[in-house]
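Because the structure is a prediction, the values reported are computed rather than measured.
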Amino acid sequence: MTARLKTPLTELVGIEHPIVQTGMGWVAGPSLVSATANAGGLGILASATMTFEELEVAIAKTKSQTDKPFGVNIRADGFDAAERCELMIREGVKVASFALAPKKELIARLKDNGVVVVPSIGAAKHAVKVASWGADAVIVQGGEGGGHTGSVATTLLLPSVLDAVDIPVIAGGGFFDGRGLAAALSYGAAGVAMGTRFLLTQESSVPDSVKQEYLSRGLQDTVVSTKVDGMPHRVLNTELVRKLENSSSARGFAAAASNALKFKGMTGMKWTTIVKDGLAMRKHKDLTWSQVIMAANTPMLLKAGLVEGNTQAGVLASGQVAGIIEDLPTVRELIDRIIADAITRIDALGSFRVTDAEATA
């Protein structure tokens, strides 16, 4: 049996280990989420790339594969965010994860029904805001993390958030092993959140050829690009990304408009809904209309790379840790060895302590 670490996160959610598998679009489906839950961590379903009906099916399938707590990540600014939250309440989902700050009323509704609310934030002031609204915990991702990311490193962002709030803080961005978990706990975090490390496991649905693409990269092989969807986005530095970086604004806008049409067809969304969604994105993210349209690039380009395995036509969101990961373990193997290594390293810290007698000897 794997040793245990008890933290405010494990007690809050009722999980064995303070490790969170993040809600990666097209990657975090029932197989990966249930494997994480069964291994003692917190798996989070990614619903931003799912229709409402697909989310219903995904939750039911996850529940059929595990009786442990798991979560669902949704867009707080989505047109049907409230409806998705009601679904989580009905289905008894333990954790509601948000990429943006949910409305105060939505937090209250979830908490009143026993759902743990965990927004992801990128600055101490945002953590203070959601904590004042009743959020139970926050995930803070430093600039090392994959996908949409900021510019401040985890080593600076994490302590600034820990000093600002009294709720559990989960550290994300740059974590992949027991050393990282031990370090995060030493900072005062309640656990770690990992995306790329879970993407590179056997239960991940990403095609094997794409996983090998990640494993072949070095620490310098990711880039933060604004040409994917108009916002800073850390991805593997592929030929397509280099082409996007060198493309004109007009060409990028045209490609984004084309992808918007594809996304509409894939989700079955009505134009009125898309416009309403766009207005919400402009309000919450302070985006231009050009950036709103470009946002359609994210689900379609990620789908091409992470689902279809077409790295020539798709992008591969990635944290910098891809350059240091060398294997594809099962989720249970990964979590067990992270916990075992973290405990060994935490115990070893005691050897540095000097007693008064030793200091004066």
Side-chain angles (χ1 to χ4, degrees), residues 7-25 28 32-33 36-37 40-48 55 59 62 68-78 81-82 84-85 87-89 91-142 145 147-150 154 157-158 161-162 164-173 175 181 184-185 188-195 198 284:
T7 75
L9 172 62
T10 61
E11 294 186 302
L12 174 67
V13 182
I15 54 178
E16 295 176 49
H17 308 305
I19 297 175
V20 177
Q21 162 255 301
T22 59
M24 300 165 282
L32 181 58
V33 171
T36 303
L42 174 62
I44 299 178
L45 280 170
S47 81
L55 177 58
I59 290 176
T62 304
K68 304 290 182 64
F70 67 92
V72 172
N73 177 265
I74 66 172
R75 279 180 47 194
D77 62 342
R84 290 177 184 240
C85 287
L87 171 63
M88 284 189 276
I89 291 170
E91 294 297 326
V93 174
K94 183 64 177 180
V95 175
S97 165
F98 293 92
L100 293 171
K103 294 180 180 178
K104 186 176 181 179
E105 296 76 17
L106 199 56
I107 293 177
R109 173 66 180 164
L110 289 164
K111 288 175 60 95
D112 287 347
N113 287 275
V115 181
V116 176
V117 179
V118 186
S120 294
I121 53 91
K125 63 181 181 181
H126 300 148
V128 171
K129 178 174 69 174
V130 295
S132 70
W133 288 354
D136 296 292
V138 291
I139 295 176
V140 51
Q141 177 179 299
H148 292 127
T149 193
T154 302
L157 185 59
L158 177 59
V161 174
L162 285 165
V165 296
D166 294 324
I167 60 176
V169 176
I170 302 157
F175 295 99
L181 175 56
L185 296 178
V192 296
M194 304 185 300
F198 277 105
H284 288 86

Please tabulate, for the side chains in residues 112-127, all donor-acceptor contacts under 3.5 angstrom to protein atoms that are two or more places apart in sequence or on a different chain.
{"residue": "Asn113", "atom": "ND2", "partner": "Arg109", "partner atom": "O", "Å": "2.8"}

| If you look at every heavy atom in Ala96 and Leu110, which pair is closest and at what distance? | CB-CD1, 3.8 Å

| said: For a 4.5 angstrom cut-off between non-hydrogen side-chain atoms, does Leu45 reach Asn73? | reply: no

| said: With side-chain contact (heavy atoms from CB on, under 4.5 Å) as the criterion, how do Asp136 and Val95 come out once you've worked through the C-alpha distance, each side chain's angles and the decisive distance to 0.1 Å? | reply: CA-CA 10 Å; Asp136 296 292; Val95 175; over 6 Å; no

| field | Verdict with reasoning, Val13 to Lys94, per side-chain contact (heavy atoms from CB on, under 4.5 Å) | value | CA-CA 7 Å; Val13 182; Lys94 183 64 177 180; 4.0 Å; yes

| What's the shortest heavy-atom distance between Ala171 and Leu158, and which atoms? | CB-CD2, 3.8 Å

| query | Considering only heavy atoms from C-beta outward, does the side chain of Glu16 approach that of Lys68 to under 4.5 Å? | reply | yes

| request: Output the distance between atom CH2 (Trp133) and atom CG (Leu106), rounded to the nearest 0.5 Å. | output: 11.0 Å

| task | State, with a plain yes or no, whether a side-chain heavy atom of Gln141 is found less than 4.5 Å away from one of Thr154. | result | no

| query | So do Ile44 and Val33 actually touch side chain to side chain, heavy atoms under 4.5 Å? | reply | no

| For Val192 and Ala184, which heavy atoms make the closest approach, and how far apart are they? | CG1-CB, 3.5 Å

| task | Could you tell me the separation between the CZ atom of Phe70 and the CD1 atom of Ile15, rounded to the nearest 0.5 Å? | result | 13.5 Å

| said: Checking Lys104 now: which residues fulfil side-chain hydrogen bond (donor to acceptor under 3.5 Å, both in side chains) with it, not counting sequence neighbours? | reply: none

| request: Spell out, as yes or no, whether a donor-acceptor pair under 3.5 Å connects the side chain of Ser97 to the backbone of Val72. | output: no

| message | Do Thr10 and His17 have side chains that approach each other closer than 4.5 Å (heavy atoms only, starting at C-beta)? | response | no

| message | Working to the nearest 0.5 angstrom, can you tell me the gap between Ile74 CD1 and Leu87 CG? | response | 9.5 Å

| Can you name the residues that form a side-chain hydrogen bond (donor to acceptor under 3.5 Å, both in side chains) with Glu91, not counting sequence neighbours? | Lys63

| query | What pairs with Ala46 under side-chain contact (heavy atoms from CB on, under 4.5 Å), at least two apart in sequence or on another chain? | reply | Ala28

| Approximate separation, where rounding is to 0.5 Å, of Ile170 CD1 and Ile19 CD1 | 12.0 Å

| said: Which residues pass the side-chain contact (heavy atoms from CB on, under 4.5 Å) test with Ala131, not counting sequence neighbours? | reply: Val165, Ile167

| Is there a side-chain contact between Ile107 and Lys111, using heavy atoms and a 4.5 Å cut-off? | yes

| field | Distance (rounded to the nearest 0.5 Å) between Met194 CE and Thr22 OG1 | value | 9.0 Å

| field | Nearest atoms (heavy-atom pairs only) where Pro69 meets Ala37 | value | O-CB, 3.7 Å

| Nearest-0.5 Å distance that lies between atom CZ in Phe98 and atom CD1 in Ile139 | 12.0 Å

| note | The side-chain contact (heavy atoms from CB on, under 4.5 Å) partners of Thr36 (sequence neighbours excluded) come to Gln21, Leu32, Phe198, Val331, Ile335

